[in-house]
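Okay, so here's the structure we're looking at.
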Amino acid sequence: MIIVLIGATGTGKSKLAISLAQKIDGVIINGDAFQVYEELNIATAKPSEEDRMKVPHFLFDFIPLTSSYNVKEYQQDLRGELAELLKQNRNVIIAGGTGLYIKAGLFDYQLKEEEDIDLSEFEKLNNEELYKKLLELDPSVEGFVHPNNRIRVLRAIKRYLSSNTQYKDIIKSQSNKPIYDNVKIFGIESEREINYENVNKRVDQMVKDGLVEESTSLIRKYGRDVGAFKAIGVKEFFDYLDGKSSLEETIELIKKNTRNYVKRQNTFFKHQFEVTWIKEESEILELISK
RNA sequence: GGGUGAAUAGCGAAGUGGCCAAACGCGGCUGACUGUAAAUCAGCUCUUAAUUGUUCGGUGGUUCGAAUCCAUCUUCACCCA
């Protein structure tokens with residue numbers, strides 16, 4: 001059985017995952033884009049050593065901070081772990097907040113091997129020109145990518161050039177269903193206001209636990225050009241280190257960014273998954289015992 | 001007690017007679033999402049079902065027309081006593 005446990009930041013996913021795993025003799029696989037990185041512990045709210053002793057945890061804390069990781073790699077890693085665990089007939093709980101990663105891993109997203117393609121030619125273009133160029137190459141993305149969304153436009157160009165396949169054909173080739181049997185997706189329901197309060201408290205706790213020290217020392221150690229430093233709780237310290245914002249402002253910004261992130265997560269979950277929304281663990285236990 | 005300046009939508013801040021329901025920023029809300037996803041991007045944000053109604057500290061004027069001009073009051077800031 002694969003149980004997917006999603007929910008916005010600050011809804012208590014990790015805790016629930018551990019408790020649930022203990023009850024059903026399950027293991028936990030990380031479904032979070034940033035908890036895969038080493039060294040980034042406090043900002044990502046990675047489960048503690050102690051928690052990891054209680055229940056086997058997979059795909060946590062295993063990518064060097066300075067390497068870049070992406071959906072494709074996660075898809076492979078997740079499927080690799082699942083193959084192994086399902087062979088052993090284990091109950092698996094995938095818990096995390098990165099909807100895209102979880103979806104790409106579980107559903108039949110076609111992410112082909114790609115060669116490196118030099119996009120520097122395209123990067124010189126302005127948004128409008130770039131979008132026009134994209135439509136010349138792959139007209140089927142029209143309506144799927146906003147012209148201002150440079151990152152996506154560039155990605156779409158790269159995807160087309162390296163696969164030579166139109167976007168609509170990639171989508172068509174997929175079933176839009178999980179590739180595994182017996183997948184149950186549960187979402188932790190939380191009122192926005194309570195969720196926000198928890199986020200604020202959680203950030204304060206992180207600060208007490210040494211967030212400032214961890215983030216600033218990692219930035220000093222590795223510089224700023226590190227993909228993983230896009231994490232909330234790290235990037236906000238750039239201005240702090242430059243003396244452009246105070247510690248208080250920085251902490252407030254982290255809270256705000258987390259709140260905004262909560263909103264985006266919920267939008268994704270709501271529209272991209274068929275979620276059974278639950279408030280308590282008992283509801284999951286009841287539903288999976290059927 | 002005297003003088004000067006300020007008061008604009010949730011906040012900051014433009015606007016100094018018609019093109020103003022009022023730029024812009026922030027915050028908030030909604031949404032998109034197939035290799036940067038804790039990223040990136042879009043829409044909405046006085047009010048109404050609406051080409052509706054009510055606004056720019058209060059009141060009263062001037063004017064065909066006022067957030068913008070005049071008078072007065074209130075509050076705040078600074079300066080002089």
Side-chain angles (χ1 to χ4, degrees), chain A residues 6-10 13 30-37 40 42-46 67-78 96-117 119 123 127 130-131 138 140-141 143-163 165-176 192-193 196 199 202-203 206 211 215 225-237 249 252-273:
Chain A
I6 54 180
T9 300
K13 275 191 304 284
N30 169 41
D32 213 288
F34 284 78
Q35 291 189 1
V36 300
Y37 291 107
L40 216 55
I42 301 171
T44 61
K46 219 182 271 168
S67 354
S68 61
Y69 193 70
N70 61 41
V71 206
K72 169 73 173 166
E73 286 175 67
Y74 179 80
Q75 186 185 55
Q76 286 171 336
D77 290 339
L78 177 68
T98 308
L100 178 69
Y101 277 29
I102 295 173
K103 193 166 184 185
L106 255 24
F107 287 60
D108 66 339
Y109 272 31
Q110 303 288 322
L111 307 172
K112 308 251 161 58
E113 286 303 326
E114 284 180 3
E115 54 203 290
D116 269 338
I117 287 182
L119 292 175
E123 274 157 10
N127 289 358
L130 191 67
Y131 186 68
D138 180 0
S140 79
V141 296
F144 288 95
V145 181
H146 193 279
N148 290 355
N149 203 341
R150 236 176 182 280
I151 288 177
R152 292 262 178 82
V153 175
L154 278 165
R155 166 89 277 261
I157 289 173
K158 189 175 177 195
R159 182 177 54 227
Y160 178 77
L161 292 177
S162 59
S163 69
T165 312
Q166 295 217 333
Y167 181 69
K168 69 164 194 290
D169 294 326
I170 295 173
I171 297 297
K172 253 193 238 162
S173 70
Q174 301 172 166
S175 68
N176 199 34
R192 181 72 57 89
E193 223 169 281
Y196 280 2
V199 162
R202 177 185 148 116
V203 172
M206 284 179 181
L211 177 71
S215 292
D225 196 21
V226 171
F229 288 174
K230 290 193 305 273
I232 297 171
V234 182
K235 60 169 181 251
E236 292 86 354
F237 285 102
E249 285 167 339
E252 280 311 308
L253 185 62
I254 292 170
K255 288 179 182 173
K256 195 216 85 188
N257 285 342
T258 310
R259 278 183 251 123
N260 294 163
Y261 174 50
V262 162
K263 162 60 203 43
R264 272 177 278 130
Q265 283 178 302
N266 282 325
T267 302
F268 194 96
F269 299 148
K270 236 187 328 187
H271 297 90
Q272 299 282 331
F273 289 108

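Lettering of chains follows the sequences in order, A, B, ..., and the numbering in each one begins at 1. No experiment lies behind these values; they were computed from the predicted model shown.
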- Can you pull the salt bridge (charged side-chain N to carboxylate O under 4.0 Å, His left out) pairs that have at least one residue in residues 151-162 of chain A, sequence neighbours excluded? A/E114-A/R155

- Message: Measuring from the side chain of A/L100 (C-beta onward, heavy atoms only), which nucleotide among B/A32, B/A37, B/A39 has the closest atom?
- Response: B/A37

- How far, in whole Å, is B/C70 from B/U62 if one measures between their C1' atoms? 7 Å

- Does A/H271 have a side-chain nitrogen or oxygen under 4.0 Å from the phosphate oxygens OP1 or OP2 of B/A32? yes

- Task: For A/Y74, check ring pair (Phe, Tyr, Trp, His ring centres under 6.0 Å) against everything at least two apart and list the hits.
- Result: A/Y101

- Closest to the 5' end of RNA chain B, once A/R192 and A/K230 are matched to their nearest nucleotides, is A/R192

- Would you mind classifying the nucleic acid contact of A/E114 as base, sugar-phosphate or nothing, using non-hydrogen atoms under 4.0 angstrom? base

- Task: Answer with base, sugar-phosphate or nothing: what part of the nucleic acid does A/R150 contact at a heavy-atom distance below 4.0 Å?
- Result: nothing

- Residues in ring pair (Phe, Tyr, Trp, His ring centres under 6.0 Å) contact with A/Y167, at least two apart in sequence or another chain: A/F144

- Task: Using atom CZ of A/F269 as one end and atom C1' of B/A32 as the other, report the distance to the nearest whole Å.
- Result: 15 Å

- Pairwise C1' distance for B/C46 and B/U59, with rounding to whole Å: 23 Å

- Determine the contact category for A/A33: base if any of its heavy atoms lies under 4.0 Å from a base atom, sugar-phosphate if only primed atoms, P, OP1 or OP2 are that close, otherwise nothing. sugar-phosphate

- Hey, does A/K270 reach any base, or is it just sugar-phosphate, or nothing, if we go heavy atoms under 4.0 Å? sugar-phosphate

- Query: Does the base of B/U34 carry an N or O that pairs as donor and acceptor with the side chain of A/Q110 under 3.5 Å?
  - Reply: no

- Could you check whether A/T258 gets within reach of a base, just the sugar-phosphate, or nothing at all, counting any heavy atom under 4.0 Å? nothing

- Is there a Watson-Crick or G-U wobble partner for B/C56 with both distances under 3.5 Å, and if so, which one is it? none

- Message: Taking the P atom in each of B/G12 and B/U63, what is the distance between them to the nearest angstrom?
- Response: 36 Å

- Pick base, sugar-phosphate or nothing for A/Y196, based on heavy-atom distances below 4.0 Å to the nucleic acid. sugar-phosphate

- Query: Checking all strands, does A/Q174 fall into the base, sugar-phosphate, or nothing category for heavy-atom contacts under 4.0 angstrom?
  - Reply: base

- When rounded to whole Å, the CZ to P distance for the pair A/F229 and B/A37 reads 15 Å

- CD (A/E123) with more than 12 external heavy atoms under 6.0 Å: yes

- Message: If we ignore hydrogens and angles and just use 3.5 Å, is the side chain of A/S68 paired with the main-chain N or O of A/G227 as donor and acceptor?
- Response: no

- Message: Regarding A/G233, tell me which of base, sugar-phosphate or nothing describes its non-hydrogen contacts under 4.0 Å with the strands shown.
- Response: nothing

- Query: Taking for each residue the nucleotide of RNA chain B with the nearest heavy atom, is it A/V71 or A/I232 whose nucleotide lies nearer the 5' end?
  - Reply: A/V71

- Message: So A/Q76, base contact, sugar-phosphate only, or nothing? Heavy-atom distance under 4.0 Å.
- Response: nothing

- Task: Determine the contact category for A/Y101: base if any of its heavy atoms lies under 4.0 Å from a base atom, sugar-phosphate if only primed atoms, P, OP1 or OP2 are that close, otherwise nothing.
- Result: sugar-phosphate

- Item | By side chain to side chain contact (heavy atoms under 4.5 Å, CB included) - contacts of A/K230 (at least two apart) | A/F34

- Task: Whole angstrom is fine here: how far is it from CD in A/Q272 over to C1' in B/A32?
- Result: 8 Å

Please list, for nucleotides 25-27 of chain B, all pairs of protein and nucleotide N/O atoms separated by less than 3.5 Å.
unit_1, atom_1, unit_2, atom_2, d
B/G27, OP1, A/K256, NZ, 2.2

- Query: If you look at every strand shown and take non-hydrogen atoms under 4.0 Å, does A/K235 touch a base, only sugar-phosphate, or nothing?
  - Reply: sugar-phosphate

- Task: Tell me what A/I170 touches on the nucleic acid: a base, only sugar-phosphate, or nothing, going by heavy atoms under 4.0 Å.
- Result: nothing

- Query: Is a donor-acceptor contact shorter than 3.5 angstrom present between the side chain of A/R155 and the base of B/A39?
  - Reply: no

- Distance-only donor-acceptor test (3.5 Å): side chain A/K263, base B/G31: yes

- Query: In whole angstroms, how far is the P atom of B/U36 from the CG atom of A/L111?
  - Reply: 10 Å

- Message: Measuring from the side chain of A/N148 (C-beta onward, heavy atoms only), which nucleotide among B/A42, B/U40, B/A37 has the closest atom?
- Response: B/A42

- Message: So for A/N149 and B/U40, does any side-chain atom that can act as donor or acceptor lie under 3.5 Å from a complementary atom in the base?
- Response: yes

- Message: Using the side-chain heavy atoms of A/T267, tell me which of these nucleotides is nearest: B/A39, B/G31, B/U34.
- Response: B/G31

- Those residues at least two apart in sequence (or on a different chain) that pass side-chain hydrogen bond (donor to acceptor under 3.5 Å, both in side chains) with A/Q174 are none

- Message: Ignoring hydrogens and geometry beyond distance, is the side chain of A/R152 in donor-acceptor contact with the base of B/C33 at under 3.5 Å?
- Response: yes

